[in-house]
Structures are given as structure tokens and as C-alpha cells.
Amino acid sequence: MIRMEIALFLILAFVAFVYFSAGRKHTLLHKTFSELLIVMLIHLVFDAVTVYTVNHLDTVDRLFNDIVHRLFIGTLVLAVYLFYKYIAILVEEETGKQRHLDIAAKIYLAVAELGVLLLPIHYAVTEKGNYSDGIHANVCYVSMVFYLILCIGTLLSSWSQMDQKKKMAIGVAFIIEVCVSVLQGLNPTWLISGMGLTLMTMAFYLTLENPDILRAQLVEQKMSMLYMKSQVNPHFLYNTLDTIRIQAQLNDDKQVADLLMRLVDFFRLSVKVDRQMVALDDELELLEAYMELMCYRYPELRCDYDIDPDLGGVLVPNFILQPVVENSLIHGLKNKGYRGRVCISAKKSKKDYRCMELEVMDTGTGFSEETKEKIKDLLLNYAKQAPKLEGNSIGILNVQKRIKLLCGREYGLSYTENEGGGVTAHLLLPISEEGWE
């Protein structure tokens, strides 16, 4: 039997090596899965040790046997708690609902671990093999049932909003663990609890945490961005060139040359796709070229900037501001004949010094109720949306997806309505000047 625990440990150790060497951003979800992998590896070590010691009660010191059994069950309870925590964070990221059951989960964890330390241990000796039983061993089953109930409670209210792949992964993991727990309860000498937890971990890794899957998502988003850049609003290109043509008839060459230079700058900068992340200054240079052309085309359109100079070197996902600004013009200022103002600001977050907030504020007509709900649903359920190749929402959908994938799920794009009219787009991003892949 000990051979199974050794095999499970080697399999999970290989998974952990691949996972930790992937060089990913450590969001709360990924950090929790990292903790789960470490706890599971430690748990499998004690699992293997206890399989040996419980079947050699006559030769192994009783105190040593008790200590490793307490560590075995203690790490099992902690692993089950981390499974609940991972699922709760996953649901929160998918739906935006807060984790209301966390306090109950932590209180039970403390009580259960105290019981693991203090409750008496009893060993059953049978012809088929030995095992620990009694109130101490029952902490495992009670913990499994308790956290399973918490997970079900967390999932029920949000099941319809969850991504199909994530629901399948959680469902398969639950079925595996329930089956293994039932088999262990009916056949206590089998000692297969470690197999159930390992299979649950593998189910989450293969369907939700596999670096190859996440890299494929990034490739998909890069291809969407490439398409978007290659199709940069042909109407904008046509109308701008037409504006230049008319101006050429009215003026000499200076203004025409200036406009042509800005147009060339815009397209030169917009096709820089060799990096996923660029400095904020580079992103603003592209935006300034775009807005100068738009302001010339629409003389009553104004654009203001309020940029913290300390943030110029901060890395941001490439090509995220222009689509957001263009969305403000289309949805907000177009109905006012492009008469109004767009303000772009960049500042450190007041809530978290490690983050910055980019804001695009317009004085347009704002969103209609229908559009507001559509945009809200689009941004909240971005993971369920297939990449779009047409329509006004292509820009902000790709912006949201790329921020989430490149920076972490706690960052992203959102909108609020202004008291004086118009809307403000908020982009929450981490402050980093290091290169990301």
C-alpha cells in the first residue's frame, strides 16, 4: 500500500514542478492553489509514513505513531479547507459575489485542528490490516462533509453564472472525493484517502490551472488583438484622410504635413505587437496621436491629460487605452456631434499603493439602460464571451480579457456614470516595471 502513496507523491511533485516553473502571476486564486500543492505534498509524506507505522504497532514507538497520525490528519483537514477556499475564490472571480462563508470555514478549521491535537487516538487491529479509528479519525469524515456543504452552499447561488468548464471540473472533483471517502469508510483498511485528494488536485490542475491552457488563452487574445489592430476602424481611416484632403485644398502644406505625421505616428505605434506589455508612456503616445487626429476632425472635441509622471515607466497591456477612448466617443460623444471633452488620467490607487488607476472620462450622453446592462454583463462574464471580430464591444471585451490574463483576475475594466453626464471607464492595473511574459 505504501507504494501507492509514493507514486502519488511523485506524480504530484512533478505537477508542482511544472506549475511553479511556469512563472505565472501570483493572484489570490493561484496563490491558494500553490498552497494546496505544498500541503498535499506534505500530507502524502505523512500518509506514507502512517501506512507503515500503523501496520507495525509492535515495533514502532507509540508516541511517534501518534505524532505522525496527528500530522497526517491535520494536513488532511488543511487540504480540504484549501479546496473549499479555492472554489470560493473561483466563484467570487466568476460572479463578483463576496465569500460570506469564509468565517465559518476558518472557525471550523481552528476547532478541527485543535481536535486533531487533543483528541485520543485509537488503532484497530484486524487480519486484513491496521488503521486508526474512533473520534480522532472521524475528524477526517466530519471535515469532508462540512467543507462539502460549504462548497455546495457557495456554488448553488452562482451555478448558472459559472463557466461550463469550471463547473465540470468542480463536479468531477466532488464525485471523485465522495466515491473515495465512501470506499474508505466501507473498507477502512484500504487507506486510500490520499488518492482521493490527489485526484481532486489533478482535476483542478488539468482543467483550471494548466499553464498550457492559460498560454493558449493568451495566444487567442493576442490573435484577437492583431485582428483588431489590422482593422482599426476603416471609417476612421477614410474620414481622416478625407479631412486631410479638404484641408489640402484650403491651406498650404504645413497643417497637412502635421496631420500626415500624426496619422503615420498612430499607425506606426499601433502595429507594434512584438510585446504584450509596454510602458504607459508608449501607450499614451499612441493615444495622443489618435486623439490629435480626432480633435482636428471634430474642432469642438477636447482632450485633457492628468498623468502622474512617476507612472510613465509602469508596464501595461499593449493597446488597451485607444479602444476604451474610441468606445467613449462612439457611445458618448457621437450623439452630441462630438462636442465635449475626454479626460485621461493615471494615478496611484488610494486603496492599494501597489495598483494604479487609469481613467477615461467623457462628457457625453452616457449609456442607455440597455447598453449599460449589456456592457456590465460583457465585462463581468468576459470569460464566457467568445472573441468578437465585429461590433462596438470588440475593443472593451478584448481589453478586459487581456488585462485579466496578463495582470490577474483582480484587475480589469469597469464603468461608472458621472453626476454631470457621461461615463468614466476605470482600468485597475498593478504597478510593475519588470518584464512579463
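Just so it is clear, the model here is predicted, and its values are computed rather than measured. One is the number of the first residue; the rest follow in order along the sequence.
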For this session: Kindly say whether Ile320 contributes a backbone atom to a donor-acceptor pair with the side chain of Glu283 at under 3.5 angstrom?
Result: yes
Exercise. Do the non-hydrogen side-chain atoms of Glu373 and Phe367 ever get within less than 4.5 Å of each other?
Worked result: no
Problem set entry | Residues Lys347, Glu359; criterion side chain to side chain contact (heavy atoms under 4.5 Å, CB included); working and verdict | CA-CA 9 Å; Lys347 57 189 176 182; Glu359 293 184 348; 4.0 Å; yes
Exercise. Taking all atoms of both residues into account, what is the closest heavy-atom pair of Pro317 and Arg402, and its distance?
Worked result: CB-NH1, 4.1 Å
Exercise. Judged by atom type as modelled, is there a donor-acceptor pair below 3.5 Å linking the side chain of Thr50 to the main-chain atoms of Phe46?
Worked result: yes
Seminar exercise, completed: Heavy-atom nearest pair, Val77 first then Ala112, reads CG1-CB, 3.9 Å
Seminar exercise, completed: Value for OH (Tyr108) from OG (Ser143), rounded to nearest 0.5 Å, stands at 3.0 Å
Problem set entry | Whether over 12 other heavy atoms sit under 6.0 Å from Ile103 CD1 | no
Problem set entry | Main-chain N/O of Ser349 paired with Glu357 side-chain donor or acceptor, under 3.5 Å | no
Exercise. Is the shortest heavy-atom distance from the side chain of Ser328 to the side chain of Leu333 under 4.5 Å?
Worked result: no
For this session: Would you check if the distance from the ring center of Tyr147 to the ring center of Phe83 is below 6.0 Å?
Result: no
For this session: Please check if the side chain of His136 supplies one atom and the backbone of Val116 the other of a donor-acceptor pair under 3.5 Å.
Result: yes
Seminar exercise, completed: When rounded to the nearest 0.5 Å, the distance separating CD of Glu177 from CD1 of Ile175 is 12.5 Å
Problem set entry | Greater than 12 external heavy atoms within 6.0 Å of Ile135's CD1 | no
Exercise. Considering only heavy atoms from C-beta outward, does the side chain of Leu284 approach that of Ile344 to under 4.5 Å?
Worked result: yes
For this session: Name the orientation class of the two ring planes belonging to Phe33 and Tyr205 (parallel below 30°, tilted from 30 to 60°, perpendicular beyond 60°).
Result: parallel
Exercise. Has the side chain of Lys348 got a donor or acceptor atom that lies under 3.5 Å from a matching backbone atom of Cys355?
Worked result: no
For this session: Flag the pair Glu288 / Tyr305 as yes when at least one side-chain heavy-atom distance between them is below 4.5 Å, and no otherwise.
Result: yes
Exercise. How far apart are the closest heavy atoms of Phe146 and Ala105, and which atoms are they?
Worked result: CE2-CA, 4.3 Å
Exercise. Should the pair Arg341-Asp304 be classified as a salt bridge under the 4.0 Å nitrogen-to-oxygen rule?
Worked result: yes
For this session: Given ring-ring contact (aromatic ring centres under 6.0 Å, His included), test Tyr86 with Phe204 step by step and report yes or no.
Result: CA-CA 10 Å; Tyr86 181 87; Phe204 284 168; 5.3 Å; yes
Exercise. Are the aromatic rings of His43 and Phe72 close, with centres under 6.0 Å apart?
Worked result: yes
Problem set entry | Gap separating the CD1 atom of Ile42 from the CG atom of Leu37, nearest 0.5 angstrom | 11.5 Å
For this session: Verify the neighbour count for atom CZ of Arg99: are there more than 12 heavy atoms of other residues, nucleotides or ligands below 6.0 Å?
Result: yes
Problem set entry | side chain to side chain contact (heavy atoms under 4.5 Å, CB included) between Val399 and Leu427, worked out | CA-CA 9 Å; Val399 167; Leu427 294 90; 4.1 Å; yes
Exercise. Taking the side chain as C-beta and beyond, is there a heavy-atom pair between Val80 and Leu197 under 4.5 Å?
Worked result: yes
For this session: Without swapping roles, check the side chain of Lys334 against the backbone of Leu329 for a donor-acceptor pair under 3.5 Å.
Result: no
For this session: Find the distance between NZ (Lys376) and CG (Asn381) and round it off to the nearest 0.5 Å.
Result: 10.5 Å
Exercise. Got a second to check how far Lys106's NZ is from Leu101's CG, nearest 0.5 Å?
Worked result: 12.0 Å
Problem set entry | N/O donor-acceptor pair under 3.5 Å between Glu5 side chain and Asp47 backbone | no
For this session: Please examine the side chains of Ile89 and Lys85, heavy atoms only from C-beta on, and report whether any two atoms are closer than 4.5 Å.
Result: yes
For this session: For Glu92 and Thr154, run side chain to side chain contact (heavy atoms under 4.5 Å, CB included): C-alpha distance rounded to whole Å, both residues' side-chain angles, the deciding distance at 0.1 Å, then the answer.
Result: CA-CA 9 Å; Glu92 181 183 45; Thr154 300; over 6 Å; no
Seminar exercise, completed: Between Ala203 and Ala173 the two heavy atoms that sit nearest each other are CB-CB, 4.4 Å
Exercise. For the atom pair CG (Leu82) and CG (Leu109), what is the distance rounded to the nearest 0.5 Å?
Worked result: 8.0 Å
Exercise. Is there a side chain to side chain contact (heavy atoms under 4.5 Å, CB included) between Lys374 and Leu378 once you walk through the steps?
Worked result: CA-CA 6 Å; Lys374 179 182 177 182; Leu378 188 77; 5.5 Å; no
For this session: May I ask you to decide whether Lys372 forms a salt bridge with Glu369, counting only side-chain N to carboxylate O separations under 4.0 Å?
Result: yes
Seminar exercise, completed: Closest non-hydrogen atoms of Leu379 and Gln400, given as atom of the first, atom of the second and distance, are O-NE2, 3.0 Å
For this session: Work out which heavy atom in Arg70 is nearest to a heavy atom in Leu119; give both atom names and the distance.
Result: NH1-O, 2.9 Å
Problem set entry | Asn418 (side chain) donor-acceptor with Thr363 (main chain) under 3.5 angstrom | no
Problem set entry | Expected output: side-chain Asp352 to main-chain Arg354 donor-acceptor under 3.5 Å | yes
Exercise. Can you find a pair of side-chain heavy atoms, one from Leu358 and one from Leu280, that are under 4.5 Å apart?
Worked result: yes
For this session: Please examine the side chains of Val180 and Met200, heavy atoms only from C-beta on, and report whether any two atoms are closer than 4.5 Å.
Result: no
